[in-house]
Structures are given as structure tokens and as C-alpha cells.
Amino acid sequence: MSLDLETLKKELNPEQYRAVTSIDGAILIIAGAGSGKTRVITFRIAHMLDMGIPQSQILALTFTNKAAKEMEDRVKELTGRKLQNLTVSTFHAFGVRVLRQDIDKLGYRENFSIYDETDRTALIKECGRELQFSPDAMDIYKISQLFSNIKTGRKNWQGENDMYRQLYESYQEGLKLFNAVDFDDLIVLPIKLFREHPEVLARYRERYKYIMVDEFQDTSHQQYELMHLLADQNVAVVGDDDQSIYSWRGADYQNIINFEKDFKVTEIRLEQNYRSTGTILDAANGVISHNTNRKDKKLWSGKGEGKPIEIFMPQNETEEASFIAESIQGIAMEDRRKYDEFGVLIRANTQSRFIEEAFLENNIPYTMSGGTSFFERKEIKDVISYLRVISNHDDDINLLRIINVPRRGIGRAAIQVINDEAENLGSTLWTAIHSLVHAEASPASDVLKEDLETFETLIESQRQKLMSGRGLAKKVREMLEEIDYKSYLVTEYSKSEKAVRFKLKNIELFLEMMERWEIDPDNSNPSLFNYLNRVTLMSRDNGDDENDKGKVNLMTIHASKGLEFPVVFIAGAEEGLIPHQRSVDENGGDVEEERRLFYVAITRAREKLLISSCMKRRKQMSVIECTPSRFLDEIPANLVEYHEPQKELSMEKTHDILANMLKQFKIPDNTDF
DNA sequence: CGTCTCCAGGTTTTT
DNA sequence: CCTGGAGACG
């Protein structure tokens with residue numbers, strides 16, 4: 001398509017047109033939900049290219065791989081160009097790019113490992129053991145969060161935190177020794193690099209003249225800092241403070257205010273919603289208006305009023321699941337909709353289990369994105385760990401993971417020996433193993449020596465193969481055969497043949513994905529190192545694909561941001577789930593972020609929105625009575641069609657809840673059930 | 001010393 | 001369901 005101004009004027013509304021054609025200077029685009037944000041961004045890039053700006057000067061930063069990929073695809077489609085020099089990437093992936101070039105200046109070696117949450121916890125545990133922290137005193141999850149906050153400057157050492165200071169230092173030393181970086185480092189280290197080496201920064205500033213940041217409300221201070229360092233003057237950020245849902249990860253939509261302070265900003269507001277019916281939009285507006293701390297917006301829709309929002313109250317999560325499955329089948333039939341037009345949104349991954357079961361039972365194809373990510377499955381992690389060790393011998397954490405998988409006689413006592421040796425040498429485990437095998441006076445027994453040598457030879461020979469030449473997937477397949485991973489799975493899961501088959505299938509899937517990546521013509525360098533970096537950053541994102549066509553989309557609300565579906569179910573709209581109990585507890589009763597989350601969920605829907613709130617739900621081992629989410633009360637009652645519970649199973653309590661709901665919603669007389 | 005077996009306990013959201 | 005630990009066995 002030619003993108004002369006005439007065409008743009010026709011294709012876009014006046015505000016969108018302004019956003020697309022304002023290329024110079026600092027622009028803040030406040031883009032309400034469904035206001036055509038992605039369209040604006042892609043047109044903007046296409047327009048810049050059309051104006052003769054070289055693609056290499058453009059840097060577009062997003063938060064998820066999905067968003068980055070979508071943006072890139074859409075620009076390519078729109079311009080019909082290959083655009084191999086256009087940089088569209090997540091903040092973290094951009095960090096990797098920077099570090100890949102110059103990490104040696106920070107004292108790391110170039111084949112560094114990136115540690116995901118699993119590796120990170122393993123390392124913290126390891127350090128904790130060395131420092132003799134009692135295991136009970138360690139809430140790993142909390143410590144991990146604390147470390148993240150410390151590293152990104154959100155918290156200082158004070159009060160009771162201080163007891164973990166030594167642990168943190170040991171954690172940091174570990175990372176450095178293993179030549180590994182964690183997710184926070186991917187932002188923090190580039191900043192450090194740019195600060196300490198202005199000549200490196202200058203190179204990037206010279207190259208990227210036009211910067212764009214999507215989902216700006218989700219930037220952390222660090223990410224803002226990184227952007228600020230890079231940005232000269234032409235920087236456009238796009239965001240919506242009402243959709244800020246990552247504050248627990250350091251996102252701070254106050255960055256919008258910082259941005260206005262640090263740059264001479266032109267603000268453009270996109271307030272026309274092209275996505276949802278009037279009913280859905282009014283519901284969303286009704287909910288979000290209860291938040292006090294926000295930029296006031298008036299989103300409006302040109303679409304008709306649409307159908308009312310339906311609220312259901314299943315007895316429990318099993319019934320909720322089958323209700324959702326059956327409704328999807330019903331609506332698909334009645335409205336002639338394909339399965340991929342449905343989105344089922346949940347607050348927590350744990351909710352997925354029952355819904356997945358119901359889908360399986362009813363033969364509904366679905367994809368679940370998020371959850372225990374594919375790449376975090378044990379069998380996949382094992383393969384990746386092998387590759388990591390092969391790529392970076394000093395990666396102790398991954399070495400420990402696979403040194404006895406499949407079992408090769410290197411158990412706890414052997415590892416103790418290796419550990420001691422490493423401590424003596426002040427080295428990594430790999431070096432210690434080498435020393436134990438080859439040193440004259442080795443503290444290792446002959447048997448152990450032999451086992452260790454076999455392991456060392458295995459890794460070395462695989463390294464020879466995998467680090468050069470093509471055919472990565474094929475070589476990995478051969479490696480798995482050599483270690484006979486299949487037999488390992490068979491013995492390990494001897495009780496469940498089904499589990500074995502499932503795991504083998506996952507590995508097969510993994511290898512196929514790897515192969516596809518490898519032969520992708522856009523992929524200029526299919527090396528092992530590049531693959532590993534990519535895979536770690538992808539960890540949560542499913543390998544999306546064409547695979548999802550024709551399937552119901554099941555996902556957390558967080559994962560649904562930026563997406564839309566003709567029909568949306570929100571499951572588990574109960575107090576304690578949304579707003580989540582932990583969020584309420586941790587924020588001293590402040591539920592504004594949870595409300596934004598609910599707002600995001602509602603605004604995913606184009607035409608039809610169904611919400612369910614269970615009467616009871618299993619929680620840990622017991623069944624608890626549930627109260628409908630307070631946010632349901634914030635939806636204007638005239639937009640809602642309320643369905644009574646289908647079966648009268650329980651007693652007074654149910655009636656109380658019902659009576660409450662009746663008061664809120666004034667059931668229309670024609671609710672027949 | 002390594003492996004196997006069995007049981008308990010635990011799940012907010014993600015790059 | 002899946003991990004991690006304790007304890008028995010070879």
C-alpha cells in the first residue's frame with residue numbers, strides 16, 4: 001500500500017493521523033483500550049520508512065515477544081518489505097543484543113548464560129546452603145523478589161532485609177563466576193555499560209535516531225532510564241495508565257509524568273474505541289471510574305449497543321469449567337463462530353486445570369498460553385540445561401541439573417567432592433571436575449574419576465559438534481540418543497506410560513520448533529548461543545504459531561493484554577481471586593491495580609462478554625464459600641443480565657449471597673431458568 | 001554410596 | 001500434579 005498523506009487521512013481518524021505523522025520530537029500517545037494503538041504504531045513506522053528514514057535508525061521496544069513479533073509482522077505486511085535492519089524487540093532482548101556486543105567490558109565472557117526464574121532460585125538455594133541459612137528461614141520466592149528490588153534500586157538494605165545482604169552478595173558472586181546474568185541484569189547491565197563506557201552509548205545514540213516504546217505504562221524505572229539514555233529527541237511512547245498491571249514487577253506508570261518532565265512532550269489522545277460494543281465499553285468505564293489515581297479519559301464507541309453482559313454463578317470450579325465449555329459449543333453453533341474467536345481469561349494459572357479438563361472432555365481444541373511454560377517443563381529444561389553447559393561450561397547451576405541425568409553414578413556425595421574441590425580452587429564445578437579427573441593427587445576415588453571423565457568427554461564431544469556448522473536440531477536429536485534420554489524417562493516415570501509419551505512428544509515438539517527456527521530465512525545466525533538466548537527470553541510465551549488457529553484461547557488476564565476476542569469469558573470473578581487476596585494483603589487494601597486488571601479483561605471483548613463467579617471453590621485441601629468480586633458491583637446494573645445458580649445445592653449462605661446480588665443487579669423479569 | 005519409594009506440601013500476575 | 005525430602009534397600 002502506498003502511504004501518502006491522502007491515504008493516511010482516509011485510513012485514520014484525526015488523532016491517529018496526528019500520531020502517525022508526528023515523527024520529530026517527543027510524543028506521548030495516550031491510547032485507550034481498543035483505540036487502534038497497534039494500527040497507529042505500525043502505520044507510524046511504515047510512514048517513517050516512506051519518508052525515507054533508514055530502517056536501521058528505528059528502534060521499537062515492547063514488553064512481550066508476542067507484541068514484538070506482531071508489530072514486526074504487521075509493518076512488513078503493510079510495507080511489503082523485508083526490513084531486516086529494523087529493530088523491533090522487547091526491552092530484555094534488546095539488552096541481550098547490547099550485552100552480546102560488549103559484555104566483556106563488564107568483566108564477563110561472551111558466551112554468558114541467561115538465568116530464568118528456575119535457575120535463579122536454584123542459585124539462591126545453593127548460596128543459602130553454603131552460608132548455612134536454615135531452609136525454613138528462607139522463603140525463596142520473597143528473597144528472589146527482594147533481590148530483584150535491590151538490584152533495580154527499588155529497595156535498600158535496611159531493617160530485616162539486611163540479614164539477606166550476605167546471601168545477595170554470594171548470589172551476585174555466583175552469577176559472575178558462572179558467567180551468568182539474570183533477567184534484571186539484562187536491563188541493569190546495559191545501563192551500567194552505557195554509563196561506564198560513553199563511547200559504546202554514543203554508538204547506539206548515533207544509530208537509533210527514532211525510538212518508540214509500546215505499553216509505556218509498564219516500563220520500570222530501569223527501562224525508562226535505558227530509554228532515556230538512548231533517546232536523543234525523537235521518541236514516541238504509547239501507553240494507557242488504566243492498563244498498567246505490572247507494578248509488582250517494577251512497572252511504574254508515573255514514568256508518564258517523568259517523561260513529561262524530561263522531554264518537551266506533545267500529547268496525543270486516542271479515545272475512540274473501535275473494538276467493543278457500547279455495552280462492554282460502558283461496563284469497563286463504570287469499573288475503571290472507581291480508580292482515583294488516573295488520567296481522566298472518555299472512551300467512546302461508534303459501534304452499536306450490543307448484547308448485555310451475562311453473569312453466571314456456577315456451584316463450583318468444576319461446574320464453571322463445564323459451563324464454559326458447553327457455552328462455547330453453544331455459541332459457536334448458534335452464532336457460527338470459530339473456536340479461535342473465544343478468549344477465556346483467568347486470574348491465576350491454577351484456574352486453568354479444570355477448564356482444560358472440561359475442554360478435553362468436550363473435544364474443544366484450545367491453547368493455553370502462560371502457565372507452566374513449555375520451556376519450563378522438566379524434560380525441556382533438561383535438554384536446554386545440556387545445551388547451556390555445552391555452550392558455557394562454567395554454568396554451575398545447569399551443570400548440577402544434568403550431571404546425573406540420566407543417572408550416571410554421580411550422586412550427592414560425589415557432588416560434595418566436586419564442590420569441595422571447586423572451593424579449594426576457587427573455581428567453577430567444571431574446572432573442579434577437570435582437575436579431579438586429571439590431577440595427580442586427586443581426592444576422587446577411581447570409580448568417581450571414571451564417571452566424571454565419561455561426563456567430561458561427553459560434554460566436550462558434544463561441544464565440538466554443536467558449536468559449529470549447521471543442523472542444530474539434528475545434532476541435538478543425536479545427542480539425546482547418545483545419552484539415551486528416552487530410557488531415562490521410561491525408568492523415571494515407570495508408573496505412567498502416559499507421562500512418558502507426553503514428555504517424549506514435548507521433546508519432539510521442541511526439536512521441531514528448533515528446526516523451524518533454524519531454517520527460517522530471516523534467521524541470519526542460527527548458532528547455539530543465539531538459540532539459547534532466545535529460548536530463555538521466550539520462556540513464558542508459547543511458541544505461538546499457526547498452531548493456534550481454530551483453537552479457543554485460554555490465558556491469564558495478564559497474558560491477554562493487547563489481544564482481543566469476539567467472545568470473552570472471565571472465569572472466577574470472586575473476591576480473593578480478583579482482587580487477589582495476596583494483592584489486597586500486600587497493598588494494604590489498595591485494589592486499584594486489580595481493578596485495572598479487571599478493566600483489561602473486560603476490554604478484551606468485542607461483542608460478547610460472559611462472567612462467572614463460583615459459589616464455592618476448592619482452595620488447597622478445603623472447599624470455601626465465595627463472594628462475588630466487588631468489581632461486579634461496579635458494572636452499571638442496566639448492562640447486565642444475571643443468571644441464577646442452576647442448581648440449589650446449598651443452604652442459607654447461598655441465599656444470602658443471592659439476595660445481595662439481587663439487590664445489586666435488579667434482575668430483569670424475563671430471566672427464565 | 002547411589003537409587004528407589006513414598007509422602008507431604010504447595011500455586012498471582014512474567015521478562 | 002510435581003517437586004523435594006526422608007528413609008529403606010542393594
What's the closest nucleotide to the side chain of A:Ala413 if the choices are B:dT12, C:dT3, B:dC1? B:dC1
Taking the nucleotide of DNA chain B with the nearest heavy atom to each, does A:Glu492 or A:Arg353 sit closer to the 5' end? A:Glu492
Can you check the A:Arg617 CZ to B:dT11 C1' distance for me, whole Å? 13 Å
Short side-chain N/O contact to B:dT3 OP1/OP2 from A:Asn404, under 4.0 Å: yes
B:dT14 pyrimidine/purine six-ring stacking with A:Tyr246, under 5.5 Å and 30°: no
Nearest to the A:Gln145 side chain among B:dT15, C:dT3, B:dT13, which nucleotide is it? B:dT13
Would you kindly check whether a donor in the side chain of A:His92 faces an acceptor in the base of B:dT15, or vice versa, at under 3.5 angstrom? yes
Cation-pi check, A:Lys381 onto A:Phe375 ring (under 6.0 Å, within 45° of axis): no
My understanding is that only residues two or more places apart in sequence, or in another chain, count here; which of them pass side chain to side chain contact (heavy atoms under 4.5 Å, CB included) with A:Ser322? A:Glu326
Closest-nucleotide 5' rank along DNA chain B - winner of A:His558 and A:Leu448: A:Leu448
A:Ser560 OG to A:Leu345 CG distance, which is reported to the nearest 0.5 Å: 4.5 Å
Got A:Thr152 and A:Ile187 here, is their nearest side-chain heavy-atom distance under 4.5 Å? no
Nearest-angstrom distance from the residue atom CD1 of A:Ile403 to P of B:dT3: 12 Å
Compare the minimum distances between each of B:dT12, B:dT14, C:dT3 and the side chain of A:Arg582, then state the nucleotide with the smallest one. B:dT12
Quiz question: going by heavy-atom distance under 3.5 Å, is there a donor-acceptor pair between the base of B:dT13 and the side chain of A:Arg347? yes
Separation between the C1' atoms of B:dT12 and C:dG4, rounded to whole Å: 23 Å
Within this structure, what is the CG-to-C1' distance between A:Leu61 and B:dT15, rounded to whole angstrom? 13 Å
Any side-chain heavy-atom pair from A:Phe259 and A:Phe216 closer than 4.5 angstrom? yes
Measure the distance from CD1 on A:Ile418 to C1' on B:dC1 and round it to the nearest whole Å. 14 Å
Reckon A:Thr556 has a side-chain N or O less than 4.0 Å from the OP1 or OP2 of B:dT12? no
Below 4.0 Å: OP1/OP2 of B:dT12 and any side-chain N or O of A:Asn349: no
With a 4.5 Å heavy-atom cut-off, do A:Ser148 and A:Arg154 have their side chains touching? yes
Mind checking if A:Phe91 touches a base, just sugar-phosphate, or nothing, with heavy atoms under 4.0 Å? nothing
Hey, is the side chain of A:Arg249 poking within less than 4.0 Å of OP1 or OP2 on B:dT15, counting only N and O atoms? no
NA contact type, A:Ala414, heavy-atom cut-off 4.0 Å: base, sugar-phosphate, or nothing? sugar-phosphate
Using a 4.0 Å heavy-atom cut-off, does A:Arg407 contact any base of the nucleic acid, only the sugar-phosphate backbone, or nothing at all? sugar-phosphate
Rounded to the Å, how far apart are A:Leu577 CG and B:dT12 P? 11 Å
A:Asp119 CG to B:dT15 P, in whole Å, measures 16 Å
Can you tell me the distance, in whole Å, between the CG atom of A:Leu186 and the P atom of B:dT14? 18 Å
From CD of A:Glu117 across to P of B:dT12 the rounded distance in Å is 13 Å
